[in-house]
Amino acid sequence: DAGVTQSPTHLIKTRGQQVTLRCSPISGHKSVSWYQQVLGQGPQFIFQYYEKEERGRGNFPDRFSARQFPNYSSELNVNALLLGDSALYLCASSSSGGITGELFFGEGSRLTVL
Amino acid sequence: DQQVKQNSPSLSVQEGRISILNCDYTNSMFDYFLWYKKYPAEGPTFLISISSIKDKNEDGRFTVFLNKSAKHLSLHIVPSQPGDSAVYFCAALSNTGNQFYFGTGTSLTVIP
């Protein structure tokens with residue numbers, strides 16, 4: 001079975017631009033979470049979606065938005081990019097909305113903002 | 001505010017010996033804890049978890065210990081193998097929340 005897949009794997013943007021990152025969860029998983037990992041830090045929670053509804057949001061500005069589609073895939077959008085948005089963006093899926101089990105992570109999308 | 005802390009950024013251990021990775025947390029509402037392992041250019045992979053109703057969980061070479069009064073958990077790897085070399089993150093989940101809080105990670109190097 002395919003794991004969590006993310007695209008693109010690497011991308012370079014300039015300040016002020018917008019970016020869309022995509023994620024396909026493990027088949028059968030209905031929950032998708034997004035995390036930002038800055039170099040030298042642990043992953044920081046951005047969003048969780050379950051059954052196409054936002055279930056949680058971390059301490060990130062409104063420039064960050066996300067959505068989940070009927071097939072449970074998800075997109076993370078970041079507008080008006082700042083240098084500090086440079087990070088590895090991780091998508092994780094789980095089978096339940098309450099996250100009682102572990103998260104399964106994709107390999108991440110490495111975003112560099114110049 | 002870092003609610004989950006891993007105060008050792010790195011650890012080196014000889015092959016065959018025990019590796020002990022430590023994690024401290026501040027939020028008494030955390031009731032589920034996990035350890036993740038991360039290789040370069042890969043996403044974190046789940047290793048082992050423990051619920052707050054237990055104080056120990058074992059899975060093969062990996063054992064996690066939880067001391068709730070001290071708000072401390074540790075991961076023991078015995079015996080350590082070179083393939084265990086990776087960054088280890090501990091993560092905690094609140095019984096009221098839906099997000100995991102991760103520590104900053106400990107880079108483990110197992111020397112052959």
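Order of the sequence lines fixes the chain letters, A, B, ..., with proteins taken first and strands second; residue numbering starts at 1 for each chain.
- In terms of heavy-atom proximity, A:Phe105 sits nearest to B:Pro44 at CB-O, 3.4 Å.
- No more than 12 heavy atoms of other residues, nucleotides or ligands sit less than 6.0 Å from atom CZ of A:Arg15.
- Atom CD in B:Gln99 sits 14.5 Å away from atom CZ in A:Arg55 (nearest 0.5 Å).
- Contacts with chain A (heavy atom to heavy atom, under 4.5 Å) involve these residues of residues 104-112 of chain B, listed by number: B:Thr104.
- Note on B:Ile20 and B:Val13: separate hydrophobic clusters, where clusters join Ile, Leu, Val, Met, Phe, Trp and Tyr whose side-chain heavy atoms are under 4.5 Å apart, directly or indirectly.
- The choice from A:Gly42, A:Gly40, A:Gly56 that makes the most heavy-atom pairs within less than 4.5 Å of chain B is A:Gly42.
- Annotation for A:Lys52: atom NZ counts as buried by contact number, over 12 foreign heavy atoms lying within 6.0 Å.
- The two atoms that bring B:Phe89 and A:Gln41 nearest to each other are CE2-O, 4.0 Å, heavy atoms only.
- Contact annotation for residues 78-92 of chain A against chain B (heavy-atom separation below 4.5 Å, listed by residue number): A:Leu88, A:Leu90.
- Around atom CG of A:Leu39, no more than 12 heavy atoms belonging to other residues, nucleotides or ligands sit under 6.0 Å away.
- For the pair B:Phe100 and A:Phe45, the tightest heavy-atom approach, listed with the atom from each and the gap, is O-CB, 4.3 Å.
- In this structure, chain B has no heavy atom under 4.5 Å from any part of A:Gln6.
- Atom CG of A:Asn71 is surrounded by more than 12 heavy atoms from other residues, nucleotides or ligands within 6.0 Å.
- Using a 4.5 Å cut-off between heavy atoms, B:Ala91 does not touch chain A at all.
- Criterion: ILVMFWY side-chain heavy atoms under 4.5 Å apart, direct or through other members. Under it, B:Ile77 and B:Ile50 are part of a common hydrophobic cluster.
- Atom CZ of B:Arg61 sits in a crowded spot, with more than 12 heavy atoms from other residues, nucleotides or ligands closer than 6.0 Å.
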